[in-house]
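Numbered from 1 within each chain, the chains take letters A, B, ... in sequence-line order. Values below: all heavy atoms of this structure, side chains included; hydrogens, waters and symmetry mates excluded.
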Protein chains: 2
Amino acid sequence: MMVKESNKATPRAIVTRNRILSAAEHLFTTRGFAGVTMREVARRAGTNVASAHYHFGSKEGLIIEMLRHRIAPINAERLRLLKEAKHHSGGKPLKPLIIFKALLLPIGQAATGSTGPDSRFMQLVGRSFTEPASFLEKVHRRLFRELSDIFMVELRRSHPAAREEDLFWNLHFVVATMLGALANHRRLVPFSSGLCNDQNVDEMIQRLIVFAGGGFTASIENAKAKANQ
Amino acid sequence: MMVKESNKATPRAIVTRNRILSAAEHLFTTRGFAGVTMREVARRAGTNVASAHYHFGSKEGLIIEMLRHRIAPINAERLRLLKEAKHHSGGKPLKPLIIFKALLLPIGQAATGSTGPDSRFMQLVGRSFTEPASFLEKVHRRLFRELSDIFMVELRRSHPAAREEDLFWNLHFVVATMLGALANHRRLVPFSSGLCNDQNVDEMIQRLIVFAGGGFTASIENAKAKANQ
DNA sequence: CCTTTTCTTAAACGGTCGTTTGAATAATAA
DNA sequence: TTATTATTCAAACGACCGTTTAAGAAAAGG
């Protein structure tokens, strides 16, 4: 296992690497991690299995790198939006809806590629959280720990009277709602007998923000009412 | 492939069948569908692979039967609670919170077994929706189509002014929230640095009901406000 | 009892998997 | 150019997969 640790990269090698990466993204997205073989990825990338192992070391390495490659820009955009909102509010606590906008909008942007809405990618992200593969947990911790800490700080500022425990629970629900909605997005069409469309990603994100914000606020209020009774 | 179509079942055969079923549930629950082999299931059940194939025909057949065996009673309880609530309300439309209680409480009951909370099973249900295996979609349609139709009828009655499309979207979100929360339940503990507990399933369900109800209502109100503007 | 059906078992089948090897090719440096 | 390194490739390795076969054990029916 001799992963290419970015020494001197031949132009052609970079091309190959990217071809493997995007082939992997397409295949893992539509068929899951266990349902795709390295041979299929290599064939779709126009190369062979040894090349994929040369660049990524293993199947796990390929999956991790693919997720990182896609998720890191989304998280950067989330932090950018949050910082922008903070700057715009002039030091005052942010409303929950603003916070959740910063959390959810970048997902929609990422899923609205140049070739039309890529709602399959949203499935992949949602699924990557429910797959039992233990190596994914480390990736998620590395990719999301800092992000969730920062968002928790903002929620605390906007709800100074709320109990820490309740904030954790409800941010957890917001994230779970987001992941569940992303992962099960496709099911909406047959479920609604075609009445609802899964192609309009932006509409879903907008609805999701309202839903998550309403759920969060209702739950926090409920906890407050219980404490006061 | 000669599935046992319930002709005459020897007592010992029933025992074997149940041992395979519960071994499968434990293993698939902790390691996912693709991560478990028929040999492992058979070994844990104290028998061999051919026996498992004799009783369930194939790995898919075993998974389907395991899911059906667990989910069917939950759905029956959901319908019972809904009918009970309707009888209690005397023909008047049900409040969303009551409807979602009927939808969510039975999950908590199922996950609170005699041997302590079985939060792993909730993961399995949540995961079964995000696994890309196509054969699962048929199972889900068969297991959940009638149920969701009935719950939609009740939501329509409680929101006669709402657009059909909005009701579908928001019931979809409620289900997505439930599945996402179930599937990612375990992550709450490390995420909250141990502050929140994942052992108290009932607490989670109660919080989930409030969250889902709040999100649903907020989103419906938002749609109404948009239509009126 | 004997016959027939139901169930269990060890062993094998054909195939595919992730990974590795070693030689050939392309790029870079001298 | 030549020496060195970086990359690609066909082929193979060893392991494990889901499934089937065929024969025997257990149970049921007569």
Going by heavy atoms in the side chains, are B/T16 and B/Y54 under 4.5 Å from each other?
-> no

Which nucleotide in the list C/dA11, D/dT8, C/dC7 gets nearest to the side chain of B/Y54?
-> C/dC7

Do the rings of B/F173 and B/W169 sit parallel, tilted or perpendicular, given the 30° and 60° boundaries?
-> tilted

Respond yes when some side-chain nitrogen or oxygen of B/T37 is under 4.0 Å from OP1 or OP2 of D/dC17, and no when none is.
-> yes

Does A/H55 make a side-chain N or O approach to OP1 or OP2 of D/dT8 shorter than 4.0 Å?
-> yes

Which whole-number value in Å describes the distance from A/E60 CD to C/dT19 P?
-> 8 Å

Rounded off to whole Å, could you give me the CG-to-P distance for the A/N18 and D/dT7 pair?
-> 13 Å

Looking at every strand, decide which applies to A/V36 at a 4.0 Å heavy-atom threshold: base, sugar-phosphate, or nothing.
-> sugar-phosphate

Closest nucleotide of DNA chain C for B/T16 versus for B/R39: which of these residues is on the 5' side?
-> B/T16

B/I14 CD1 to C/dC7 P, straight-line distance once rounded to whole Å = 8 Å

Could you please name the option among C/dA10, C/dT20, C/dT19 that lies closest to any side-chain atom of B/A50?
-> C/dA10

Toward the 5' end of DNA chain D, which comes first, B/A34 or A/S51, by nearest nucleotide?
-> A/S51

Contact check, side chains of B/V175 and A/N184, non-hydrogen atoms, under 4.5 Å | no

Do A/E77 and A/R80 have side-chain heavy atoms sitting under 4.5 Å apart?
-> yes

What nucleotide, of D/dT19, C/dG18, C/dT9, holds the atom closest to the side chain of B/T47?
-> C/dT9

For the pair made of CG in A/N48 and C1' in C/dA23, what is the distance, rounded to whole Å?
-> 13 Å

Using whole Å, report how far NE2 of A/H53 lies from P of D/dT7.
-> 17 Å

Is the number of heavy atoms from other residues, nucleotides or ligands under 6.0 Å of A/E146 CD greater than 12?
-> no

Round to the nearest Å and state the distance from B/R31 atom CZ to D/dC16 atom C1'.
-> 14 Å

